[in-house]
There are 2 protein chains.
Amino acid sequence: MALRSEDHVHQFEAHLNDVIPGHSIDCVILGYHDNELKVLLLRRKGQDLWSLPGGFIRKSEDLDTAATRILEERTGLGSIFLQQFYTFGGQDRRSVSSKSEIAMLNNMLKQYPFKEPDKVSAFLRDRFITTGYFALVQLNKVSPQPDFMSSQCEWKSLKALPELILDHSHILQKAIAHVQTQLNYLPIGLSLLSKKFTMQDLQNLYEVLLNRSLDRGNFQRKMLALNILKRHEKQLTGKAHKAPYLYSFDVPRYNEKLKKGIGFSF
Amino acid sequence: MALRSEDHVHQFEAHLNDVIPGHSIDCVILGYHDNELKVLLLRRKGQDLWSLPGGFIRKSEDLDTAATRILEERTGLGSIFLQQFYTFGGQDRRSVSSKSEIAMLNNMLKQYPFKEPDKVSAFLRDRFITTGYFALVQLNKVSPQPDFMSSQCEWKSLKALPELILDHSHILQKAIAHVQTQLNYLPIGLSLLSKKFTMQDLQNLYEVLLNRSLDRGNFQRKMLALNILKRHEKQLTGKAHKAPYLYSFDVPRYNEKLKKGIGFSF
DNA sequence: ATTTAATGTGTCAGGTTGACACAATAAGAA
DNA sequence: TTCTTATTGTGTCAACCTGACACATTAAAT
């Protein structure tokens, strides 16, 4: 919820009044591009610190519903693969705690026409238990939107992460570990790749996630044997050799196989 | 925290004032006896409804610490295997919601010397997000202790569960499913069996958890090959045949193997 | 010595894995 | 048309695991 007008500020304030105090949601939104895993991060206004996209739970909202809403607010995307993975409850989880940070927050709040800035400040300074969700999205479909506390919203490579606030890098780690152990039961390919892809794309995605290389022949054989791929017309690459086939998933069959696990024991 | 005296009541009231509102913990405490999985349940005072042992998080307490404390309050056991598995945030999670239930609660509260019974009532009637933990314990080591809201604390077989409050049967289901999928990475044998056990005990435990029978020869071969068992003197059974060996775990080796998973793919 | 259950081991068919090899294919260049 | 090159489909093989079954050995109590 970016605040660009007085209306937005009042809307945000009303939102805080309608929300459960002391509990938040943080989303680890993962995408895949250029043979790399990326995560969507927000940059804190006036600081060189980044955070996971997060938000609060409305009093009339289920936890999952809130996570879906927050994801949509940051990415513009609905109906995305989203799953809860862990709840973090360290006693010291306050996003704003040092005197200088409190001053910075209060200062920032003054720049906006809040009706009760002190109340907003107190709310944001509280200890929060946060529930982590992770999402798998097609990178190119996302339109990143910063929120009230943030000045930028960007994809960052997992290989070169900036400094994160609080325990957010721990949350991120835990999400990645969770994805890795659950690999065979997550719609990795379907969620992270664009609609059409080559067999190499698919293999490379698995190699990045598993952090090891796989034998091409065996990978191909096994993927085709699953019977979840549709082959399409080749796309000409303009290069002097045979162009790779393009595939897409047969979604019903994909979901059917997913129940029993896709990916073997590699 | 059973309330047997005025002191206990005031202690409980002070506890509620020192605790995060709107967030609770529920524990699925699992034990194994007579070739059956059992779960520790509490019976609501004045009702034929049961609940999972639960509690609240102190403002100065980590989530995990609170779970450990609650587990200890109900079982008398410390240093037990305990792990978070999921957080439940349905919008309608109120343990006391219908008019008759509210009346029953207020009535019960009046029987105790609370300083601010209305406040206590309001606290308990709120919507709660709850984080589920599961524990694996040696059944015979536990001394079940009912809490303030409950009249009994008992082991119940998973095969014959009584009616549970709220979404507690859903929470229980989710815990069991989690245990089953994580089987190879959990200290099943070490936590659930008593110190010494026979190979049959161990096999039976796995059969119950996996819900299918296993081949004795293969099971034995594989377990012994792991090199995590110590064999002891046989215990004479008084029956007219060879008595089974007793085993215990070589704990350091057990934990070492556990990292890579104990249990193969069965 | 006999009975009985517990225990250790062998085997076999079927399946998977990882590693490597090789021939067929097709797009563009010469 | 022929050549170059990367893609693609398949084959093989040794190593290993699985499930199912078999069988001989061991030892406690009678």
Side-chain angles (χ1 to χ4, degrees), chain A residues 35 180 183-185 189 193 196-250 257 260-266, chain B residues 35 180 183-185 189 193-194 196-249 257 260-266:
Chain A
N35 297 344
Q180 285 178 335
L183 216 53
N184 290 2
Y185 303 95
L193 295 177
K196 292 185 182 181
F197 50 89
T198 68
M199 192 60 83
Q200 277 216 349
D201 291 335
L202 187 57
Q203 183 178 337
N204 204 289
L205 172 59
Y206 273 94
E207 288 181 334
V208 167
L209 286 166
L210 291 164
N211 199 29
R212 65 192 184 87
S213 61
L214 301 170
D215 180 273
R216 181 194 61 81
N218 296 331
F219 183 85
Q220 179 127 339
R221 201 190 330 250
K222 286 191 270 184
M223 273 300 165
L224 291 177
L226 281 171
N227 201 24
I228 56 173
L229 291 173
K230 286 188 288 194
R231 178 183 287 178
H232 296 271
E233 293 305 309
K234 294 175 201 179
Q235 156 200 37
L236 303 190
T237 57
K239 293 190 177 167
H241 54 74
K242 181 176 178 180
Y245 292 113
L246 288 180
Y247 295 91
S248 66
F249 288 108
D250 181 326
K257 291 282 179 181
K260 293 176 187 170
I262 288 179
F264 342 86
S265 44
F266 280 130
Chain B
N35 297 344
Q180 285 178 334
L183 215 51
N184 290 2
Y185 303 95
L193 295 178
S194 51
K196 293 186 181 180
F197 50 88
T198 67
M199 192 60 84
Q200 278 216 348
D201 290 335
L202 187 58
Q203 181 177 339
N204 204 287
L205 172 58
Y206 274 94
E207 289 181 335
V208 167
L209 285 166
L210 291 164
N211 200 28
R212 65 193 184 86
S213 61
L214 301 170
D215 181 272
R216 182 194 61 80
N218 296 331
F219 183 85
Q220 180 127 337
R221 202 190 332 250
K222 287 192 270 184
M223 272 301 164
L224 291 177
L226 281 171
N227 200 25
I228 56 173
L229 290 174
K230 287 189 288 196
R231 178 182 289 177
H232 296 271
E233 295 301 310
K234 295 174 199 179
Q235 159 199 36
L236 305 189
T237 55
K239 294 191 177 165
H241 55 74
K242 181 177 178 180
Y245 290 114
L246 287 180
Y247 295 91
S248 67
F249 289 107
K257 291 282 179 182
K260 294 177 186 167
I262 288 179
F264 343 85
S265 42
F266 279 131

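FYI, side chains are in, hydrogens and waters are out, and symmetry mates aren't considered; it's all heavy atoms of this structure. If you're wondering where the values come from, they're calculated on a predicted model, not measured in any experiment.
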Visitor: What is the distance, rounded to the nearest whole Å, between atom CG of A:L202 and atom P of D:dT7?
Guide: 15 Å

Visitor: Please state how far atom CG in B:L224 lies from atom C1' in C:dT7, giving the value in whole angstrom units.
Guide: 10 Å

Visitor: When the distance from CD of B:Q203 to P of D:dG19 is rounded to whole Å, what number comes out?
Guide: 12 Å

Visitor: Of the listed nucleotides (D:dT8, D:dA20, C:dT7), which one gets closest to any side-chain atom of B:Q220?
Guide: C:dT7

Visitor: For A:N184 and A:I262, run side-chain contact (heavy atoms from CB on, under 4.5 Å): C-alpha distance rounded to whole Å, both residues' side-chain angles, the deciding distance at 0.1 Å, then the answer.
Guide: CA-CA 5 Å; A:N184 290 2; A:I262 288 179; 5.8 Å; no

Visitor: Measure from the side chain of A:R221, starting at C-beta and using heavy atoms only, and say which of C:dA6, C:dA19, D:dC21 lies closest.
Guide: C:dA19

Visitor: Could you state the atom-to-atom distance from CG of B:N218 to P of C:dG10 in whole Å?
Guide: 14 Å

Visitor: Within this structure, what is the CG-to-P distance between A:L246 and C:dA27, rounded to whole angstrom?
Guide: 13 Å

Visitor: Hey, does the side chain of A:K222 come within less than 4.0 Å of C:dT17's phosphate (OP1/OP2), counting only N and O?
Guide: yes

Visitor: Nearest whole angstrom, please: distance from the C1' of C:dG18 to the CD of A:E207.
Guide: 14 Å

Visitor: To the side chain of A:Y245, which of D:dT8, C:dG8, C:dA19 is closest?
Guide: D:dT8

Visitor: Can you name the nearest heavy-atom pair linking B:Y247 to B:H232, along with the distance?
Guide: C-CD2, 3.8 Å

Visitor: Counting heavy atoms not belonging to B:Q203, are there more than 12 under 6.0 Å from its CD?
Guide: yes

Visitor: Among D:dT7, D:dA20, C:dA19, which nucleotide has an atom closest to any side-chain atom of B:D215?
Guide: D:dA20

Visitor: Kindly determine whether B:L226 and B:M223 satisfy side-chain contact (heavy atoms from CB on, under 4.5 Å), including the steps that lead there.
Guide: CA-CA 5 Å; B:L226 281 171; B:M223 272 301 164; 4.1 Å; yes

Visitor: Nearest-Å distance, CE (A:M223) to P (D:dT7)?
Guide: 18 Å

Visitor: Of the nucleotides D:dT7, C:dC22, C:dT7, which has the atom closest to the B:R216 side chain?
Guide: C:dT7

Visitor: Where the side chain of A:D201 meets the backbone of A:T198, is there a donor-acceptor pair that is under 3.5 Å apart?
Guide: yes

Visitor: Between A:F219 (CZ) and C:dT16 (P), how many Å, whole number?
Guide: 17 Å

